[in-house]
Trainee: 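Once you've had a glance at the structure underneath, I'll fire off some questions.
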Amino acid sequence: MAATVLGRSTGHPARHQVLEGIVSRVPDFTGPRKRDLVHALFTMLGAASAYDDPSPHAFDVSALHPWAAVQAVAVKAILGRAAGRAPTGRDDVTLLVSTQRPGTVWEGNLFIHLSVLHALVDVPGMESVVDAGLRTALTHQREDGGLPFVTDTDTWCTVTAGLALGSAGAPREVLHRIARHLVHVQHAHGGWSYTGQARLPDTDCSTVAIEFLHHLDPDAYRDPIRRALNALVAVRGADGGFPTYGSGTPSEACMTAAAISALSTQGRHPHLIQAALRLLADRQMPDGSFPPGWSSSRLHTLFRAYLATRAHRRRSPPAVHDMSSPIVGLVQSAQNEAGGFGQQSGAPSDAISTAYALIILAGQLAPAPAARATCCLLAPQRPDGSIISVPDMVGPRPFPYHVPLLADAFTLLALGHLTHRIPPSRVVRPGRRHSGAQLRRKDSPINPFRSKPASPSLPGRVCLVTGGAAGIGWALTRALAAAAAHVYVCDNSQASLDRAAADLTQLPGTPSVTFAHVDVTDRTALEEWIVKVHTEHGRIDVLVHNAAYIHWADVEEMTTEQAQLSMRTAYDALVCSVKAVLPLMRAGGGGQIVAMGSAAGRIFVKGPSAAYAAAKAAVEAYTEMLRMELAGSNIGVTLVRPATVVGTDFFKVHVPSARMPRIADFLPPTTPEKVAAATVEAISSRRPAVDIPGYLPSFYRAYAMAPELTRRAAATGGNARRDYAAGHPADVSTAQPEPIRTSGIHRDGLIARALKKAGGNAHFVHVMSHIAPGVDRAAHRLSGGRMLLMPATLPSLMLTTIGRRSGQPRQTPLLCHLEADGSHLVVDTNFGRPSIPAWSHNLIATPRASVTRRGSTLPVTATLLDGTARAAAWEHLVEVWPAYVSFAQRSGRRLRIFRLTPA
């Protein structure tokens with residue numbers, strides 16, 4: 001444009017070429033006005049008039065926001081004067097003069113300020129106004145002699161940088177300082193402007209501010225968020241979309257996508273979101289792109305549309321559901337050879353466009369494009385950490401301007417999206433070799449403030465915990481508070497509440513925990529407590545029903561009142577709580593209901609009281625049916641089933657350890673802290689069921705297949721001998737080392753003798769063949785290799801071989817015979833099946849292996865025994881496990897015997 005004006009490129013064609021090159025980069029609805037604006041700029045710069053009659057809509061200010069209206073009037077005056085038309089009208093002059101205040105740039109927009117002065121320069125009596133306006137403009141002159149088009153973009157930079165810093169895990173005190181500043185500069189009607197000097201709010205700043213405040217602390221900033229959302233909804237267009245400025249102005253794809261993301265933080269406007277998604281789908285072009293927005297890069301609108309649509313794909317019409325695929329395809333096809341992206345098709349790579357694209361690539365399973373884009377993005381980084389990029393923002397469109405901080409902020413935001421998909425130990429650094437697995441992670445919505453995705457975080461969630469002052473409940477309270485939730489606890493024991501309140505002062509930080517003395521069997525008191533919490537916070541996000549009445553006694557010993565109290569506390573209170581919170585959760589956009597069940601409600605063996613088992617079975621049935629009824633809603637349901645939990649009042653006060661069956665002594669117990677951690681993780685991930693320890697489903701299957709046999713096994717050996725009241729009962733793995741078993745005579749325990757007898761029973765073996773391997777692997781994993789199913793009764797080990805086909809390590813739990821020299825004998829019985837087990841083939845192919853016993857792993861070399869060596873080994877093996885004989889007979893083959901010698 002400057003070259004054309006200065007005469008180095010003259011004539012109408014050159015001017016027309018410049019004009020078309022500029023106007024082609026603006027949205028269609030601004031085209032006529034921008035065309036006249038460019039003509040006005042030529043005129044202001046001294047070029048010869050080439051003014052054609054403007055579009056009849058170019059100067060219609062009836063549907064324009066104040067900025068556009070003032071600019072249109074100024075352009076009309078400039079072009080009218082150049083064409084020799086009538087002087088500027090009185091109403092227009094009044095409007096233009098209203099923007100001129102000494103020392104102040106109207107709305108912080110120097111471009112409009114100077115345009116107004118050009119329009120007024122020849123108006124009689126305006127000399128002093130123009131002179132004062134020029135002096136004001138010159139106070140913003142930079143050292144290089146130029147002037148910016150706006151005084152600053154501080155608020156826009158602040159909200160963008162805040163979101164990026166949160167994504168990168170910046171200290172929360174820094175983020176809260178940003179948030180407090182944003183609250184300070186928020187307009188009275190709820191929105192934000194790009195600068196504190198502007199009174200006209202814009203959708204861009206407002207939507208990003210909403211997201212930032214919500215992810216940082218939705219409770220602390222609840223009121224600013226609410227006001228901002230109300231202001232956002234107020235500018236929504238009749239077509240369902242959102243403009244940049246003001247109600248009644250044309251909707252834009254980029255702003256509509258930004259509004260969807262902001263509205264999605266609350267989950268309260270599904271109809272508004274769906275309407276906005278439909279408009280976005282209508283605006284999408286066949287190649288996947290969208291009309292130009294406030295960025296020179298087409299990727300800016302693409303990444304915003306991608307984030308807006310991703311969370312709503314499953315609940316939207318096909319047109320909306322199909323939006324993401326063209327976006328991803330366009331981005332993947334636009335990647336340059338070096339891995340970067342340009343502002344438009346075929347343009348050279350620049351950092352900020354590459355950052356926009358990386359946000360999309362971070363959500364894809366294919367890792368290579370994201371890795372290449374990351375390397376390209378960080379290549380131009382300066383020593384001080386800043387990123388070099390080209391001008392990107394356009395305003396007033398289509399004239400680009402450069403805010404260097406935005407390149408840094410969007411780069412940081414893109415890296416935040418990427419690192420939330422990569423385990424911390426696998427983040428790829430430029431210049432290092434990487435594999436696809438290093439970038440591949442299951443696609444999931446990204447929370448910009450989860451710096452450690454593996455650690456559950458529930459910031460600002462309002463959580464109710466019944467029976468939350470002792471035992472598992474108190475562990476749950478602490479875990480939820482550590483996850484940054486607001487926890488409300490009720491308990492019927494004042495002593496437990498006082499003790500928990502005292503313990504609370506010892507916890508790190510300032511946990512948000514509130515205690516209340518409530519008896520959950522009192523329906524009125526329970527409902528009043530729930531309503532009180534909801535009134536205080538305006539929502540309830542999580543209900544954990546943990547309360548239970550514990551009294552283990554035989555049916556004849558337990559009174560009717562005690563049995564009924566067990567059901568009223570565990571089951572009836574759950575029903576009342578759910579009925580109270582369901583409408584509140586629906587109104588609040590969703591929630592999570594967690595019920596504390598028990599393995600005793602799933603497996604009925606002698607030991608637990610009938611009343612306790614019945615109550616927990618009722619809890620499980622109700623929870624399962626509730627989950628089915630709420631399927632497809634925003635309310636999740638989780639059932640938690642712990643097994644034996646040590647160190648609580650359950651055993652210290654209510655249940656003697658001797659009531660437990662002997663078999664419980666040989667299974668690893670759990671702790672309240674482990675149950676709490678698993679429950680919080682389940683709330684965060686919305687898992688439908690949690691069993692603690694993880695091997696419990698194997699016992700459920702065993703009971704379903706052979707209930708009577710399971711009951712016999714549970715009754716074998718009498719009562720438990722552990723002290724389950726202790727916080728850390730003596731574990732099997734800490735008992736005396738198992739003696740080496742040679743051919744000498746030894747004495748088995750009662751359970752060992754019972755198992756040896758049962759091992760010849762075909763039905764028992766059939767059941768155990770489906771259950772024992774899974775239980776063994778789970779116990780081995782949970783105990784860190786220290787424990788298998790029955791290590792104290794029958795010697796066993798975990799054998800790790802190398803798959804002869806896959807080359808991958810394969811683990812198999814096996815019974816074994818321990819020899820005096822430290823070797824182990826194992827047999828490929830495969831539970832008496834005719835087929836040879838895979839581990840046996842693996843040892844033949846690769847004799848090198850390893851065995852794990854009692855937490856120790858050592859390498860071994862396998863030798864297949866034959867002849868007299870095999871005969872001697874067989875004799876010892878049958879002594880350890882007589883069922884080997886029946887296994888050999890049922891298999892119909894010669895069983896292989898291996899000696900595993902320490903390498």
Trainee: Rounded to the nearest 0.5 Å, how far does CZ of R804 lie from OG1 of T846?
Mentor: 10.0 Å

Trainee: Are the side chains of V851 and L858 in touch, meaning some heavy atoms are under 4.5 Å apart?
Mentor: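 Sidechains of L858 and V851: in contact.
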
Trainee: Would you name the heavy atoms of A873 and I897 that are closest together and state the gap between them?
Mentor: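 Answer, listing the atom of A873 first, then I897: CB-CG2, 4.2 Å.
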
Trainee: With side chains defined as the heavy atoms from C-beta onward, is the minimum distance between W474 and V465 less than 4.5 Å?
Mentor: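 No. Closest side-chain heavy atoms not under 4.5 Å.
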
Trainee: For V680, does its backbone N or O pair with a side-chain atom of S684 as donor and acceptor, under 3.5 Å?
Mentor: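 A pair under 3.5 Å: no.
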
Trainee: For side chain to side chain contact (heavy atoms under 4.5 Å, CB included), just list the numbers for T638 and Q592, CA-CA rounded to whole Å, side-chain angles, deciding distance to a tenth of an Å, and then say yes or no.
Mentor: CA-CA 7 Å; T638 297; Q592 190 77 8; 2.7 Å; yes

Trainee: Under 4.5 Å between any side-chain heavy atoms of K616 and R602, yes or no?
Mentor: no

Trainee: How many angstroms lie between atom CG of L799 and atom SG of C816, to the nearest 0.5 angstrom?
Mentor: 10.0 Å

Trainee: Dump the intermediate steps for side chain to side chain contact (heavy atoms under 4.5 Å, CB included) on T679 and I683, then the final yes or no.
Mentor: CA-CA 6 Å; T679 303; I683 294 171; 4.3 Å; yes

Trainee: Which residue, L865, I844, T863, forms the side chain to side chain contact (heavy atoms under 4.5 Å, CB included) with F898?
Mentor: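 Going through the options one by one, the only one that passes is I844.
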
Trainee: Restricting to non-hydrogen atoms, name the atom on G339 and the atom on R372 that form the minimum distance, rounded to 0.1 Å.
Mentor: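 So the minimum-distance heavy-atom pair works out to N-NH2, 3.6 Å.
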
Trainee: Are M628 and T623 packed together at the side-chain level, in the sense that at least one heavy-atom pair is separated by less than 4.5 angstrom?
Mentor: no

Trainee: Do side-chain atoms of R627 reach the backbone of P688 as a donor and acceptor pair under 3.5 angstrom?
Mentor: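 Judged by distance alone, yes, a pair lies under 3.5 Å.
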
Trainee: Can you give me the closest heavy-atom contact between T800 and A849, atom names plus distance?
Mentor: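 Smallest heavy-atom distance, with atoms named: O-CB, 3.2 Å.
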
Trainee: Checking S840 side chain against I836 main chain: does a donor-acceptor pair fall under 3.5 Å?
Mentor: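 No, S840 side chain to I836 backbone: no donor-acceptor pair under 3.5 Å.
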
Trainee: Flag the pair N546 / I472 as yes when at least one side-chain heavy-atom distance between them is below 4.5 Å, and no otherwise.
Mentor: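 Sidechains of I472 and N546: in contact.
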
Trainee: Under a 3.5 Å distance rule, please check whether T829 uses its side chain to pair with a backbone N or O of G832 as donor and acceptor.
Mentor: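 Such a contact is absent between T829 side chain and G832 backbone.
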
Trainee: Are any non-hydrogen side-chain atoms of V328 and L361 less than 4.5 angstrom apart?
Mentor: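 Not touching, per the 4.5 Å side-chain cut-off.
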
Trainee: Any side-chain heavy-atom pair from P859 and P902 closer than 4.5 angstrom?
Mentor: no

Trainee: Please report the shortest heavy-atom distance between A689 and R641, naming the atom on each side.
Mentor: CB-NH2, 4.2 Å

Trainee: Is a salt bridge present between D828 and R894, judged by a nitrogen-to-oxygen distance below 4.0 Å?
Mentor: no

Trainee: Which pair of heavy atoms, one from T374 and one from A370, lies closest together, and at what distance?
Mentor: OG1-O, 2.7 Å

Trainee: Would you confirm whether H545, through its side chain, and M596, through its main-chain N or O, come within 3.5 Å as a donor-acceptor pair?
Mentor: no

Trainee: Is the shortest heavy-atom distance from the side chain of V640 to the side chain of V594 under 4.5 Å?
Mentor: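 In short, these two side chains touch, coming nearer than 4.5 Å.
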
Trainee: Can a side-chain donor-acceptor contact be found between S835 and N830 if the only test is distance below 3.5 angstrom?
Mentor: yes

Trainee: Ignoring hydrogens, what is the shortest heavy-atom contact between P672 and G471? Give both atom names and the distance.
Mentor: CB-O, 4.0 Å

Trainee: Name all residues meeting the side-chain hydrogen bond (donor to acceptor under 3.5 Å, both in side chains) criterion together with R810; count only those two or more places apart in sequence or in a different chain, and write none if there are none.
Mentor: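 Testing R810 for side-chain hydrogen bond (donor to acceptor under 3.5 Å, both in side chains), a comparison that skips the adjacent residues, returns S806.
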
Trainee: Out of curiosity, S891 OG to R833 CZ, how far, rounded to the nearest 0.5 Å?
Mentor: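 S891 OG to R833 CZ: 12.0 Å, rounded to 0.5 Å.
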
Trainee: Against L900, only a single residue in L843, L814, L825 fulfils side chain to side chain contact (heavy atoms under 4.5 Å, CB included); can you say which?
Mentor: L843

Trainee: What verdict does the side chain to side chain contact (heavy atoms under 4.5 Å, CB included) test give for R896 and H841, after you've listed the backbone C-alpha separation in whole Å, the side-chain angles of each residue and the deciding distance to 0.1 Å?
Mentor: CA-CA 10 Å; R896 294 174 178 173; H841 289 303; 3.9 Å; yes

Trainee: To the nearest 0.5 Å, what is the distance between CG on N842 and CD on Q808?
Mentor: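 The CD atom of Q808 is 11.5 Å from CG of N842, to the nearest 0.5 Å.
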
Trainee: When you look at H824 and L818, which way does the side chain to side chain contact (heavy atoms under 4.5 Å, CB included) test go after all the steps?
Mentor: CA-CA 5 Å; H824 304 78; L818 310 180; 3.3 Å; yes

Trainee: Looking at T801 and W839, would you say the former's side chain and the latter's main chain have a donor-acceptor pair under 3.5 Å?
Mentor: no

Trainee: Would you give the length of the straight line joining atom CG of L815 to atom CG of L877, rounded to the nearest 0.5 angstrom?
Mentor: 10.0 Å

Trainee: Around atom CZ of R848, are there more than 12 heavy atoms of other residues, nucleotides or ligands at under 6.0 Å?
Mentor: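 No, CZ of R848 has 12 or fewer neighbouring heavy atoms, counting only those of other groups under 6.0 Å.
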
Trainee: Taking atom CG of L797 and atom CD of Q811, what is their separation to the nearest 0.5 Å?
Mentor: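 Here the interatomic distance stands at 11.0 Å.
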
